[in-house]
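From a predicted model like this one, the values you see are computed outputs, not experimental measurements.
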Amino acid sequence: MLKWLVAAIIIIPAVELWGIIKMGHLIGGWPTFGLILLTGFLGAKLASTEGRKAFAVVQQQLQSGKPPGHAMLNGVCVLAGGLLLLVPGFFSDIIGVTLLLPMTRPFYRMLLYKWLEKKVRNGSFVIRRR
């Protein structure tokens, strides 16, 4: 696990920096900077809107006595998408937007569900009560 974390800490910023430099060469420095700021602001607005929707669905399901499984996973996807849009870079923005859009979010929700199911089945993910 540690080697994956170290690799991510090194590779992800390098790829993002490469993308920013390439975009800077294509459209110029100031437009690239403006585009990074624009995606950050628009991403924060989209994350806020989608986050409120996801929270409302979770509350509604809890109040009606239903388990909010898929709604909770939607909320996790929205949170991750919002965080990725705040990171400067175009590749993280692309993934962040696809996590926030309702038509592409089910793909990520399915991946997250399968990952969690695998962790629970093999016993490496345990929920403990206090």
Side-chain angles (χ1 to χ4, degrees):
M1 177 69 176
L2 182 62
K3 64 182 175 182
W4 287 106
L5 184 61
V6 171
I9 289 172
I10 293 169
I11 293 171
I12 292 171
V15 169
E16 292 290 4
L17 185 59
W18 176 81
I20 291 170
I21 291 169
K22 284 293 186 185
M23 187 62 75
H25 286 303
L26 284 173
I27 65 173
W30 287 110
T32 301
F33 180 68
L35 195 55
I36 290 171
L37 287 178
L38 181 66
T39 58
F41 287 123
L42 292 178
K45 178 66 176 159
L46 183 60
S48 173
T49 303
E50 291 299 318
R52 283 191 182 105
K53 287 180 189 176
F55 185 70
V57 171
V58 168
Q59 277 188 322
Q60 184 263 333
Q61 287 182 349
L62 285 172
Q63 288 173 352
S64 66
K66 297 177 185 174
H70 284 288
M72 292 289 283
L73 293 178
N74 268 338
V76 170
C77 289
V78 168
L79 176 65
L83 290 174
L84 283 172
L85 281 166
L86 293 176
V87 173
F90 296 108
F91 299 109
S92 59
D93 287 351
I94 292 168
I95 295 169
V97 166
T98 59
L99 277 162
L100 288 175
L101 293 175
M103 62 276 237
T104 54
R105 194 179 317 136
F107 170 74
Y108 293 104
R109 188 180 64 219
M110 179 194 61
L111 290 177
L112 185 58
Y113 179 81
K114 286 183 179 183
W115 178 78
L116 283 170
E117 182 181 38
K118 181 181 170 187
K119 291 289 185 184
V120 169
R121 286 188 191 275
N122 72 18
S124 62
F125 182 83
V126 180
I127 299 173
R128 299 177 190 201
R129 296 182 186 191
R130 290 185 178 205

I36 and T39 have their tightest heavy-atom pair at O-OG1, 2.9 Å
Tell me whether Y113 shares a hydrophobic cluster with V120, the cluster being built from Ile, Leu, Val, Met, Phe, Trp, Tyr side chains joined at under 4.5 Å. yes
- Query: Hey, does the side chain of S48 reach the backbone of A44 with a donor-acceptor pair shorter than 3.5 angstrom?
  - Reply: no
Closest non-hydrogen atoms of A8 and P13, given as atom of the first, atom of the second and distance, are O-CD, 3.5 Å
Worksheet entry | Residue pair T32, F90: steps toward the side chain to side chain contact (heavy atoms under 4.5 Å, CB included) verdict | CA-CA 10 Å; T32 301; F90 296 108; 3.9 Å; yes
The single option from E50, K53, R109 that satisfies side chain to side chain donor-acceptor pair (under 3.5 Å) with N74 is R109
In terms of heavy-atom contacts, V87 and S92 come closest through O-OG, 3.5 Å
Kindly determine whether V78 and R105 satisfy side chain to side chain contact (heavy atoms under 4.5 Å, CB included), including the steps that lead there. CA-CA 8 Å; V78 168; R105 194 179 317 136; 3.8 Å; yes
* **L101 reachable from L85 in the ILVMFWY side-chain graph, under 4.5 Å edges** => yes
* Would L111 end up clustered with I95 when hydrophobic side chains under 4.5 Å apart are linked, directly or stepwise? -> yes
(message) Hydrophobic cluster membership, with links at side-chain heavy-atom distances under 4.5 Å among I/L/V/M/F/W/Y: are W18 and I12 in one?
(response) no
Tightest non-hydrogen contact, residues V97 and T104, listed as O-OG1, 4.5 Å
**Asked** Got K118 and W115 here, is their nearest side-chain heavy-atom distance under 4.5 Å?
**Response** no
Closest non-hydrogen contact found for V58 with P68 is CG1-CB, 4.1 Å
Value for CZ (F91) from CD1 (I20), rounded to nearest 0.5 Å, stands at 9.5 Å
Determine, for E117 against K114, whether the closest basic-nitrogen to carboxylate-oxygen distance falls under 4.0 angstrom. no
Closest non-hydrogen atoms of A47 and G82, given as atom of the first, atom of the second and distance, are CB-CA, 3.8 Å
Rounding to 0.5 Å, atoms CG (L42) and CG (L100) come to a distance of 11.5 Å
Between M110 and F107, is the side chain to side chain contact (heavy atoms under 4.5 Å, CB included) condition met? List the steps. CA-CA 5 Å; M110 179 194 61; F107 170 74; 4.2 Å; yes
